[in-house]
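As structure tokens, the structure follows; a few thoughts come after it.
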Number of protein chains: 2
Amino acid sequence: MLPERTVERLSEYRRSLLQCLEEGKTHIFSHELAELHHNTAVQVRRDIMFIGYTSMQRKGYDVRELINVIGDILDSEQGLNVAVIGVGNLGRAITTYFIGKRSKLNIIATFDVDTTKIDRVISGVKCYPLSRLKEIVEKEDISIAIMTVPADSASEVSTQLVDSGIKGVLNFTTVPLQVAPDVYMDEYDMITSLEKVAYFVKTART
Amino acid sequence: MLPERTVERLSEYRRSLLQCLEEGKTHIFSHELAELHHNTAVQVRRDIMFIGYTSMQRKGYDVRELINVIGDILDSEQGLNVAVIGVGNLGRAITTYFIGKRSKLNIIATFDVDTTKIDRVISGVKCYPLSRLKEIVEKEDISIAIMTVPADSASEVSTQLVDSGIKGVLNFTTVPLQVAPDVYMDEYDMITSLEKVAYFVKTART
DNA sequence: GAAATATTGTTAATTTAATCACAGTTTAGG
DNA sequence: CCTAAACTGTGATTAAATTAACAATATTTC
Ligand SMILES: NC(=O)c1ccc[n+]([C@@H]2O[C@H](COP(=O)([O-])OP(=O)(O)OC[C@H]3O[C@@H](n4cnc5c(N)ncnc54)[C@H](O)[C@@H]3O)[C@@H](O)[C@H]2O)c1
Ligand SMILES: NC(=O)c1ccc[n+]([C@@H]2O[C@H](COP(=O)([O-])OP(=O)(O)OC[C@H]3O[C@@H](n4cnc5c(N)ncnc54)[C@H](O)[C@@H]3O)[C@@H](O)[C@H]2O)c1
């Protein structure tokens with residue numbers, strides 16, 4: 001099990017590496033990758049050490065190989081299915097955005113309680129009533145949920161998610177959620193991010 | 001200057017505290033606050049120690065007072081003005097969402113290059129052409145930008161942001177941006193978050 | 001009003017993450 | 001073929017963040 005920060009950085013490296021590949025770059029040095037990611041060459045090498053890949057000495061890392069090795073670590077062979085819960089402004093933006101982005105992570109369903117949204121199709125993904133959550137999650141083997149419901153229903157919905165058999169949640173509501181210990185949860189709070197930026201802008205001024 | 005993680009947690013505590021206030025709760029213990037936030041009572045007390053607030057012993061923290069003290073630390077007295085750059089799906093969602101949420105952080109302008117979007121008003125906020133960035137930033141005293149432009153224009157736009165005098169950036173594009181050292185930048189990469197969730201779901205399975 | 005209980009604030013210890021420092025390769029140039 | 005230069009991989013070290021441990025203090029109970 002890799003450190004969380006390392007997992008994040010590997011995902012980020014991979015995106016840069018894919019970009020490199022498109023530009024026809026076949027090899028990359030640790031210090032080049034570092035420069036692209038606000039960190040140091042040592043950190044990059046250490047991260048890559050974690051996944052047990054070694055480069056051709058003096059030529060840098062083979063871009064294509066490194067992409068594959070990162071894929072072996074991060075991706076599940078058969079891919080994982082994802083659902084978006086709450087098809088409001090944010091849920092719609094995310095659904096539209098993700099379609100076709102990652103071959104190993106497919107958004108294959110959305111859920112809502114608003115009857116005007118149910119059965120609507122966004123970017124090829126159908127919206128189901130939340131009452132059918134468990135049924136669809138089981139039938140379609142969905143293991144990850146992206147939560148974009150209003151704050152006041154967040155905690156109730158999260159219980160339903162866990163009951164339905166979801167194993168990972170990416171929570172965008174501003175409510176910290178309690179889930180069973182075998183469910184992995186990542187929370188992102190936009191207001192917190194913005195307040196953090198504001199704090200550092202403020203303190204830099206003085 | 002507080003540790004970054006502490007700043008984040010303080011912002012999160014504050015939101016819970018505001019919620020408590022609404023529910024008529026006047027005092028809160030460190031372990032209660034901890035429970036709401038996936039962390040420990042010691043961590044809460046240490047964070048609060050950082051900002052130099054002390055409770056009434058044995059009664060817990062005075063909710064209202066603690067909110068004010070956190071405000072003194074996080075907020076700027078006159079508030080800070082914010083602009084959203086790139087009024088696509090995500091930019092629109094964020095703009096709509098933020099309006100009225102935080103009295104000390106006001107989104108007061110959006111920018112785009114798409115002529116069909118310019119001059120449109122979203123939730124009371126007007127969209128300006130990107131070419132007027134510097135002019136408006138100076139006139140309206142905007143210090144923070146939220147970046148939601150497409151990846152391929154991200155790095156160019158970030159240069160313009162810095163030139164215009166922006167001091168803090170919240171970057172939602174998937175491109176790591178280079179900014180001047182006196183500009184604070186926070187980057188959030190949704191794909192990375194989702195891949196991280198997927199990784200931990202995958203490894204938990206084995 | 002003494003003892004038991006609950007909670008804080010803080011020092012010390014521990015754990016985790018990042019950085020330093022350098023030996024070990026490979027390649028290039030003479 | 002020898003030396004210098006350029007990078008990598010990793011043990012050792014340092015720094016940062018978290019957790020444990022506990023004295024100090026207020027409150028309740030009897
Ligand atoms: N919009 C943003 O940019 C933004 C930013 C940060 C955080 N958030 C958070 O994301 C969440 C959604 O924000 P939004 O702007 O998209 O809100 P929204 O009101 O546009 O969308 C919410 C959607 O959830 C649906 N919904 C309500 N109750 C539900 C339930 N029990 N189960 C399933 N669906 C349900 C609603 O019908 C609606 O379609 C909120 O919790 C908000 O705090 C949004
Ligand atoms: N939609 C999401 O949920 C989501 C999730 C993660 C990351 N992102 C990132 O956010 C960014 C925007 O995503 P989106 O889905 O809103 O895209 P979008 O295409 O809907 O919106 C992009 C907007 O930016 C405008 N634009 C283009 N070039 C510009 C420039 N030079 N200056 C100002 N505006 C410009 C476009 O006219 C458009 O309005 C992308 O970089 C994407 O990677 C989006």
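Just so we're on the same page: letters track the sequence lines, and every chain starts at 1.
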In whole angstrom, what separates [X]'s [atom1] from [N]'s [atom2]?
X	N	atom1	atom2	result
Phe50(A)	dT19(C)	CZ	C1'	13 Å
His27(A)	dC7(D)	NE2	C1'	13 Å
Leu66(A)	dG9(D)	CG	P	10 Å
Leu33(A)	dT8(D)	CG	P	10 Å
Phe29(A)	dC7(D)	CZ	P	5 Å
Ile28(A)	dT8(D)	CD1	C1'	15 Å
His38(A)	dA18(C)	NE2	C1'	17 Å

- Can you run down the ring-ring contact (aromatic ring centres under 6.0 Å, His included) pairs that involve residues 44-94 of chain A, sequence neighbours left out, and say none if there aren't any?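 Sorted pair list comes back empty.
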- Item | Pairs where residues 69-114 of chain B contributes a residue and the test ring-ring contact (aromatic ring centres under 6.0 Å, His included) is met, not counting sequence neighbours |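 Counting only pairs at least two positions apart or across chains, the ring-ring contact (aromatic ring centres under 6.0 Å, His included) contacts touching residues 69-114 of chain B are Phe111(B)-Tyr128(B).
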May I have the list of side-chain donor-acceptor pairs in residues 148-167 of chain A shorter than 3.5 Å, sequence neighbours left out?
| unit_1 | atom_1 | unit_2 | atom_2 | d |
| --- | --- | --- | --- | --- |
| Thr148(A) | OG1 | Ile85(A) | O | 3.1 |
| Thr148(A) | OG1 | Gly86(A) | O | 2.6 |
| Ser153(A) | OG | Pro150(A) | O | 3.3 |
| Ser158(A) | OG | Ser155(A) | O | 3.0 |
| Thr159(A) | OG1 | Ser155(A) | O | 3.0 |
| Ser164(A) | OG | Leu161(A) | O | 2.6 |
| Lys167(A) | NZ | Asp182(A) | OD2 | 3.0 |

- Query: If the sugar-phosphate is the primed atoms plus P, OP1 and OP2 and the base is the rest, what is the B/S/- string for nucleotides 11-20 of chain D, using protein heavy atoms under 4.0 Å?
  - Reply: BB-----BBB
- For Lys101(B), which residues count as a salt bridge (charged side-chain N to carboxylate O under 4.0 Å, His left out) partner, sequence neighbours excluded? none
Give me the distances for all protein-to-nucleotides 22-27 of chain C N/O pairs that come in under 3.5 Å?
| unit_1 | atom_1 | unit_2 | atom_2 | d |
| --- | --- | --- | --- | --- |
| dG24(C) | N2 | Gln57(A) | OE1 | 3.3 |

- Message: Using side-chain heavy atoms (C-beta onward) and a distance below 4.5 Å, is Thr40(B) in contact with Arg46(B)?
- Response: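 Counting from C-beta outward, Thr40(B) and Arg46(B) never come under 4.5 Å.
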- Query: Looking at dT8(D), dG9(C), dG9(D), which one has an atom nearest to any side-chain atom of Tyr61(B)?
  - Reply: dG9(C)
- Please state whether the phosphate of dT8(C), meaning OP1 or OP2, lies under 4.0 angstrom from any side-chain nitrogen or oxygen of Ser30(B).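 Ser30(B) to dT8(C) OP1/OP2: side-chain N or O found under 4.0 Å.
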Acceptor/donor pairs from residues 18-29 of chain A side chains to any protein atom, 3.5 angstrom cut, sequence neighbours excluded:
| unit_1 | atom_1 | unit_2 | atom_2 | d |
| --- | --- | --- | --- | --- |
| Gln19(A) | NE2 | Glu23(A) | OE2 | 3.1 |
| Lys25(A) | NZ | Glu32(A) | OE2 | 3.1 |

- Task: Can you sort out the partners of Thr192(A) under side chain to side chain contact (heavy atoms under 4.5 Å, CB included), two or more places apart, ordered by chain and number?
- Result: Asp189(A), Glu8(B), Ser11(B), Glu12(B), Arg15(B)
Distance-only check: which donor-acceptor pairs under 3.5 Å involve side-chain atoms of residues 169-176 of chain B, not counting sequence neighbours?
| unit_1 | atom_1 | unit_2 | atom_2 | d |
| --- | --- | --- | --- | --- |
| Asn171(B) | OD1 | Thr173(B) | N | 3.0 |
| Asn171(B) | OD1 | Thr173(B) | OG1 | 2.8 |
| Asn171(B) | ND2 | Val175(B) | O | 2.9 |
| Asn171(B) | ND2 | Glu187(B) | OE2 | 3.1 |
| Thr173(B) | OG1 | Val175(B) | N | 3.3 |

- Item | Trace of the side chain to side chain donor-acceptor pair (under 3.5 Å) decision for Asn89(A) with Thr96(B) | CA-CA 9 Å; Asn89(A) 292 320; Thr96(B) 310; 4.7 Å; no
